[in-house]
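Contents: one structure, followed by commentary.
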Amino acid sequence: MPKQKLNPLPAAAFQILMSLADDDLHGYEIMRRVEEQTDGRTRIGPGTLYSSIQALLDAGFVAEVASRSNEDLNDERRRYYRMTAAGRKAARDEAERLADVLRVARAKKILRGEYV
Amino acid sequence: MFERFCALLLRIYPAEFRRAYGREAVQLIRDRACHERGFFLRVRLLMDLTIDLFATSLHGWQPGKPLLARIDGAPRFDIIEVHRPRSEALAAGMLTSILIFASFTLLFQPKALPNAPAQLGKGSGPGIPGADSHDSAQQAVATDPEAHHKLIAAIAANLKQLYVDRAIGQRLADALLAYDKNGEYESLDMAADLAARINKDIQTTSRALGIPRGVFIADVVYSARPLPTGPPPPMTAEMRERSRAALLQQNCLFETIETLPHNVGYMKLNGFADATSCQETTSRAMASVNNVDALIVDLRDNGGGFGDTALQIAGYLFDRPTYLYDPRRNSPVPARTASPISGNKLVDKPVYVLTSSRTQSAAEYFVYNLKMLKRATIVGETTAGHQHSGAFHRITDHFGMGIQEAAPPDNPFPVKGWEVIGIEPDVKVSRTEAFDAARKLAESQARRR
């Protein structure tokens, strides 16, 4: 398996971590959640999705779990993933970095309005 | 057929990838193929796979790729290397292109309607727990023709015995049995396709019998998971409290409430939460946009919920008690809004409602009534077309059906409902363009005021 480096966190890996913030999810759910949270702009294909997941697993940012916390939603055919504490910290660091970028963009008047 | 083709595409992915995640990737494609039907969505899926295949072949699975450049505290720029692509990758790309173009003839063939999600009466009506076309891949139905015949016979019997107009129920049942006798269901070996085809036949026959478009008749549902045999157990006080706490933590599904430039209010509401828990939150949300000059209500990701919260929000948009049509007889939702609301300033403000093909059920109730009353401009896509106004009956472990057993209330509006047809927007744009389109309209109106 190729090693994907996670410093800085690539966009796909960051979106995957964000998707796992609330629930344990399987691959298709992660893809749907990413699509939703990017307002339909990002649909991760299987290659990108699973190579990112593998990199996140290697880095200890996510863990594969046998069943999700809500057992009613389990499907034995699936592999479920959960964000670890290290993953949460990495996502927070990346979000803070992006917030800094936004601050710069606002200061330079590249972005306007309260809604961004 | 389409899924098999997509699964074939996966064979072009690097062997390492297939060994590690091949099964999951096939499942993911199957899930997408199950939910993304129609020409455009199928082409989009193929394009996504092709791009992903190239990205994986050329970028993601070569060891030793250098790190992306990073400067702390500054924007990041992705550096794309200029290495010559591997010859295997080029060959894979060529083969993929040939396969995609060759498959276009298949894509142009008419597809069955997608299976309707089973959420009848969500919130206040009879639900279908476990029937989830969203979460599970469709599975092959029993190939035994006898199983098909038994299923059609059971659906026909339900229509005959339970549909509100017995004569029409009989005609619908006869039509389905005739289709079955002619062998028209035999080739449908995917359960969800079979359900979709039966629903299409019910709709076609009902049009021929003079039932207006948009009226709910019956809806056959397939669930990959076994359907429960009885109603769900009543919620305990502890469960209710947990549910309430969870809703409040999610701000009662109000994702965003803000004021945009030119004093345009914007609220994104991803479901209509139970008013017993969320009435106050809804009041506060409406109060926070009370002084705007125009309001955008974003229901693009709203799958429905409780009609009483939809009615509560609609109450702010009228200056007198206003009738909203609810297709359910004996609905627990009051028929009229509680307008006028003291201190409310929204009654004469322009309202724009954003919709998508995911907008359904109680959200469609809200959209439909505001459109019929000409109180809002609907911007976006045609809604999903799920009234969820019938009673649900389990037929087999995996099939059930909703049936209109009681006559719906009289409908004073010219379009008689939104079942299957959905609600057409006034400004038709894609879901991703809807916000900008509505914002421009709202800003223009707000400036005039």
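By convention in this document, chain letters (A, B, ...) are assigned in the order of the sequence lines, proteins followed by strands, and residues within each chain are numbered from 1.
Inspection of the B:Glu24 and A:Tyr28 side chains reveals no N or O donor paired with an N or O acceptor under 3.5 Å.
Of the inter-residue distances, the one linking A:Ile53 atom CD1 with B:Tyr21 atom OH reads 6.5 Å to the nearest 0.5 angstrom. Atom CZ of B:Arg300 sits about 12.5 Å away from atom CD of A:Glu36, to the nearest 0.5 Å.
The pair A:Arg32-B:Asp31 does not meet the salt-bridge criterion, since no charged nitrogen lies less than 4.0 angstrom from a carboxylate oxygen.
No other option in A:Gly27, A:Gly45, A:Ala105, A:Pro46 has as many heavy-atom pairs under 4.5 Å with chain B as A:Pro46.
For B:Arg431, the part sitting under 4.5 Å from any heavy atom of chain A is the side chain, from C-beta outward, and nothing else.
The shortest non-hydrogen separation linking A:Asp39 to B:Thr432 is O-CG2, 3.5 Å. The shortest non-hydrogen separation linking B:Asp52 to A:Gly47 is OD2-N, 2.6 Å.
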Q: Check the pair A:Arg79 / B:Gln27 against side chain to side chain contact (heavy atoms under 4.5 Å, CB included), numbers first and verdict last.
A: CA-CA 11 Å; A:Arg79 283 156 83 168; B:Gln27 183 68 51; over 6 Å; no
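Heavy-atom neighbours of B:Met47 CE from other residues, nucleotides or ligands within 6.0 Å: at or below the threshold of 12.
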